[in-house]
Amino acid sequence: GSLEEVALPFYFGWFLLSSIQDKIKCTSMDFLKTLDTLEAFKKHLIDFSGKAEEVDLEQYFQPTGILHCTTKFCNYGKAEGAKDYAEKQAVKDSYGSIFDLSLSALFVTPRTFGARVSLTEEQLQLWPADAEKQAESVPAAASLPLGSRAHVTLGCAEGVEHVQTGVDLLEILTLQQEGQQGEQVEEMELGTLTYYGTGKWLLNLREPISAPACFSSFYG
Ligand code: A2P
């Protein structure tokens with residue numbers, strides 16, 4: 001009936017516990033601050049501002065509220081596959097459980113700032129089979145491994161929608177899969193920083209950040 005239809009959430013996902021949210025916000029702001037000062041970054045500033053002018057990355061990306069990793073965007077049932085997802089046994093069984101997410105990389109583009117999430121086999125049970133294929137602007141992403149899109153949005157440039165973060169991650173991973181090594185520009189304390197062209201930066205974390213997160217949903 002109609003009651004069941006409105007019962008579908010805006011999205012399902014893992015919501016990071018508040019203790020780790022603060023730590024990630026600090027680490028990610030420190031990273032932006034450092035990135036901003038690197039000569040290699042300044043060399044490619046034009047990607048960000050359209051001019052060779054300085055940008056303050058901490059101001060450039062608008063904060064996003066509660067940190068989470070979306071599994072399924074349902075749009076209250078209007079999104080394709082929303083009902084099937086909500087009815088999956090794994091989704092019902094895991095609802096309200098705490099998982100340990102592994103944040104394995106940070107990435108920055110002129111549009112978005114995010115953290116890549118490397119999902120375990122167990123966590124992949126909650127990942128929609130078509131999440132990578134649904135990024136229509138990155139057709140090659142369809143052949144990436146399941147879960148490639150998993151991420152936490154840390155910030156978006158003004159006027160950019162949050163959904164763009166996963167698309168930007170898929171673009172970087174597609175370049176990697178096509179054999180583009182990128183340009184390894186810097187060994188930072190946190191890990192290796194690589195430039196993939198047109199404003200795409202990826203920092204592979206030497207030590208992944210372990211983030212406890214509750215699998216739940218957001219109604220808004
Ligand atoms: P993301 O997970 O990359 O942050 P919004 O903040 O725009 O209202 O969206 C709510 C959440 O759902 C965000 O986490 C957002 O992206 C994700 N999202 C929004 N639209 C889509 C979409 N079309 N496909 C997948 N995820 C989406």
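Counting from 1, the numbers follow the sequence of the chain as shown. When a ligand or atom number is given, it counts from 1 through the structure's own listing order. Quick caveat, the model's predicted, so the values are computed rather than measured.
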Over 12 non-hydrogen atoms of neighbours within 6.0 angstrom of [atom1] in [X]:
| X | atom1 | value |
| --- | --- | --- |
| Glu183 | CD | yes |
| Lys23 | NZ | no |
| Glu122 | CD | no |

Could you check ligand 1 for N or O atoms lying under 3.5 Å from protein N or O atoms and list the pairs with distances?
{"from": "ligand 1", "atom 1": "2 (O)", "to": "Thr70", "atom 2": "OG1", "distance (Å)": "2.8"}
{"from": "ligand 1", "atom 1": "3 (O)", "to": "His151", "atom 2": "NE2", "distance (Å)": "2.5"}
{"from": "ligand 1", "atom 1": "3 (O)", "to": "Thr153", "atom 2": "OG1", "distance (Å)": "3.0"}
{"from": "ligand 1", "atom 1": "3 (O)", "to": "His162", "atom 2": "O", "distance (Å)": "2.9"}
{"from": "ligand 1", "atom 1": "4 (O)", "to": "Thr153", "atom 2": "OG1", "distance (Å)": "2.7"}
{"from": "ligand 1", "atom 1": "6 (O)", "to": "His162", "atom 2": "ND1", "distance (Å)": "2.5"}
{"from": "ligand 1", "atom 1": "14 (O)", "to": "His68", "atom 2": "NE2", "distance (Å)": "2.5"}
{"from": "ligand 1", "atom 1": "14 (O)", "to": "Thr70", "atom 2": "OG1", "distance (Å)": "2.8"}

Parallel, tilted or perpendicular: rings of Phe215 and Phe12 (30°, 60°):
parallel
Pair Thr192-Glu187, side-chain hydrogen bond (donor to acceptor under 3.5 Å, both in side chains): steps then yes or no
CA-CA 5 Å; Thr192 309; Glu187 281 300 329; 3.0 Å; yes
Looking at every heavy atom in both Ala40 and His44, which two are closest together, and how far apart are they?
O-CD2, 3.1 Å
